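The structure is given below, and queries will be raised subsequently.
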Protein chains: 2
Amino acid sequence: MTRKLPDKTVERLSQYRRALLNTLSGGKHHIFSHEIANLLHITAVQVRRDIMLIGYTGTLRQGYDVNELIDIIGKIIDTREGQKVAVIGIGNLGRAIMGYFSGKRTRLNIVAAFDSNPDKTDKIYAGVPCYHSDKMMEIIKNEGISIAVISVPGEFAEKVAEDLTMAGIKGILNFSPKPLNVPAHVYLQEFDMLTMLEKVAYFVKKS
Amino acid sequence: MTRKLPDKTVERLSQYRRALLNTLSGGKHHIFSHEIANLLHITAVQVRRDIMLIGYTGTLRQGYDVNELIDIIGKIIDTREGQKVAVIGIGNLGRAIMGYFSGKRTRLNIVAAFDSNPDKTDKIYAGVPCYHSDKMMEIIKNEGISIAVISVPGEFAEKVAEDLTMAGIKGILNFSPKPLNVPAHVYLQEFDMLTMLEKVAYFVKKS
DNA sequence: AAATTACTGTTATTTTAATAACAATGTTAT
DNA sequence: ATAACATTGTTATTAAAATAACAGTAATTT
């Protein structure tokens, strides 16, 4: 394997897996491409194409084996050892993210949170210890944290990203409205709520 | 105008405007395409192309007039009367969204929040009144709210989307991890944090 | 046994988005 | 005055993603 998968396929694989886990807990062990498609409101062709790209093949007339497919997707998007994640900034958004994750069985473990407000630090949130930002670089290095979620206000985001980069982070998910600049070896995903809301507004206006 | 703009251009316009407002408050009244590009970490060609698409033209050697460009973008993405927005579900995420918005001068006004937990209702959050979900459909109709942000847990998202549709909502921004199905006349934007984090993890693993 | 059906897997086509190439032109330098 | 420069606006090209078309085939029906 290790053919390069399209970005969008990777996104959908994550969604397929979630849907498949649901299916499984409903006691269903086989599923057709069009059933997956319905769950995600996309087309069956797209599902089959994605599954083709990851090299799995179903059986005619029976569809895909749910367990197998979950495993294959896991092999592709998870690492064996798991990856450690830190959340920077535990305002409402930071806490929402930690809440989303708690209980989810995944190879992504949120192992630390950081905040610059001493009132918030040295406590546990959703099972995750929150440290003062001063210790961020040190802890990230020592713990081998590879992924960071930035949920600080825009004005601090840039500095945080710099520090994270220096501490050797490998991937950043940025929720702040401030576009970041990181070296090419750091994977960056921007996630801008305000833009998305304005986009919805634009298309509503058009329609 | 009213040529149909590419999706991605619409997203960037929103970001250009934010950057331009910043520029303006820094006392700068003209800006080059490459300066905008640097702020957003994209290319200057892309900026010029987007600006071409909205029909604005700068002046050679001086670049774009910041005020004019802000206005033009506003004409395209805002409506004259503004649009009313509701936030459904005020857990951490819902509150984060309301916090992001408070103070932002925009034509999008969050005018109501809804929650099914009576402990949270009949209070004001970030200046926005929160009502019980029972009143959702009624208030949305009466107030003429056209856009909804869904920030409820996945298991309730579908029902909420149905109700919103029935109440005549025009656009939905869905933060729940559950993919929604809405009629074609409702514009839907999905926004799935878990997927995005898994995507980052995948590309980190690859690198 | 032949035809039909209901699926998968794959290639071909179209659509959308990004990038590159470059012509046009006012400004500055010589 | 001429040449070099810096910048815009636009067209052409490439890349990425989605969709369509369809071949293959086991199961089912006739």
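Quick caveat: nothing in here was measured; it's all calculated off a predicted structure. Lettering of chains follows the sequences in order, A, B, ..., and the numbering in each one begins at 1.
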Problem - Residues in side-chain contact (heavy atoms from CB on, under 4.5 Å) contact with T43(A), at least two apart in sequence or another chain - result: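 Once residues adjacent in sequence are excluded, the partners of T43(A) under the side-chain contact (heavy atoms from CB on, under 4.5 Å) criterion are V45(A), Q46(A).
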Exercise for the section: Rounded off to whole Å, could you give me the CE-to-P distance for the M52(B) and dT19(C) pair? Expected result: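 It works out to 15 Å between those atoms.
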Exercise for the section: Choose from dA18(D), dG9(C), dC7(C) the nucleotide whose nearest atom is closest to any side-chain atom of T57(A). Expected result: dG9(C)
Problem - Nearest-neighbour nucleotide for the Y64(B) side chain, dT8(D), dC7(C), dT11(C) considered - result: dT8(D)
Problem - Short side-chain to backbone donor-acceptor contact, E190(A) and L180(A), under 3.5 Å - result: yes
Problem - Residue whose closest nucleotide on DNA chain C lies nearer the 5' end, L60(A) versus R49(A) - result: L60(A)
Practice task
Select one nucleotide: of dG26(C), dG9(C), dA17(C), the one nearest the side-chain heavy atoms of K8(B).
Solution key: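 Nearest to the side-chain atoms of K8(B), counting from C-beta on, is dA17(C).
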Practice task
Would you mind telling me which of dT19(D), dA18(D), dA20(C) lies closest to the side-chain atoms of V45(B)?
Solution key: dA20(C)
Problem - R95(A) side chain to N92(B) backbone, donor-acceptor under 3.5 Å - result: no
Problem - Between dT16(C) (C1') and D7(A) (CG): distance, integer Å - result: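 Nearest whole value for this atom pair: 15 Å.
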Problem - Atom pair distance, as rounded to whole Å: CD in Q62(A) and C1' in dG9(C) - result: 17 Å
Handout entry: Nearest-Å distance for atom pair CD1/P, residues I42(A) and dA20(D)
Key =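 Going from CD1 in I42(A) over to P in dA20(D) covers 14 Å.
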Problem - Short side-chain N/O contact from R12(A) to OP1 or OP2 of dA18(D), under 4.0 Å - result: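 Yes, within the criterion.
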Problem - Rounded distance [0.5 Å steps], CG in L197(A) versus OH in Y100(B) - result: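 The CG atom of L197(A) sits 13.0 Å away from the OH atom of Y100(B).
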Practice task
Return the value, rounded to whole Å, for the distance between atom CG of L40(A) and atom P of dA18(D).
Solution key: 13 Å
Fill in the blank from the handout: Picking from dT10(D), dA18(D), dA21(D), the nucleotide nearest the side-chain atoms of R48(A) would be dA21(D)
Practice task
Return the value, rounded to whole Å, for the distance between atom NZ of K4(A) and atom C1' of dA16(D).
Solution key: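 Atom NZ in K4(A) sits about 9 Å away from atom C1' in dA16(D).
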Problem - R61(B) side-chain proximity, nearest of dA6(D), dA17(C), dG9(C) - result: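 Of all the options, the side chain of R61(B) is nearest to dA6(D).
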Completion exercise
H34(A) atom NE2 is separated from dA20(D) atom P, nearest whole Å, by 18 Å
Problem - Q189(A) and K199(B): CA distance, side-chain angles, deciding distance, side-chain hydrogen bond (donor to acceptor under 3.5 Å, both in side chains) verdict - result: CA-CA 9 Å; Q189(A) 172 76 47; K199(B) 181 182 172 190; 3.1 Å; yes
Practice task
Quick one: label S33(B) by what it contacts on the DNA or RNA (base, sugar-phosphate, nothing), any heavy atom closer than 4.0 Å.
Solution key: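 Sugar-phosphate: the residue S33(B), judged by heavy atoms under 4.0 Å, touches backbone atoms but no base.
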Handout entry: Spacing of D50(B) atom CG relative to dA17(C) atom P, expressed in whole Å
Key =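 One finds 11 Å between P of dA17(C) and CG of D50(B), rounded.
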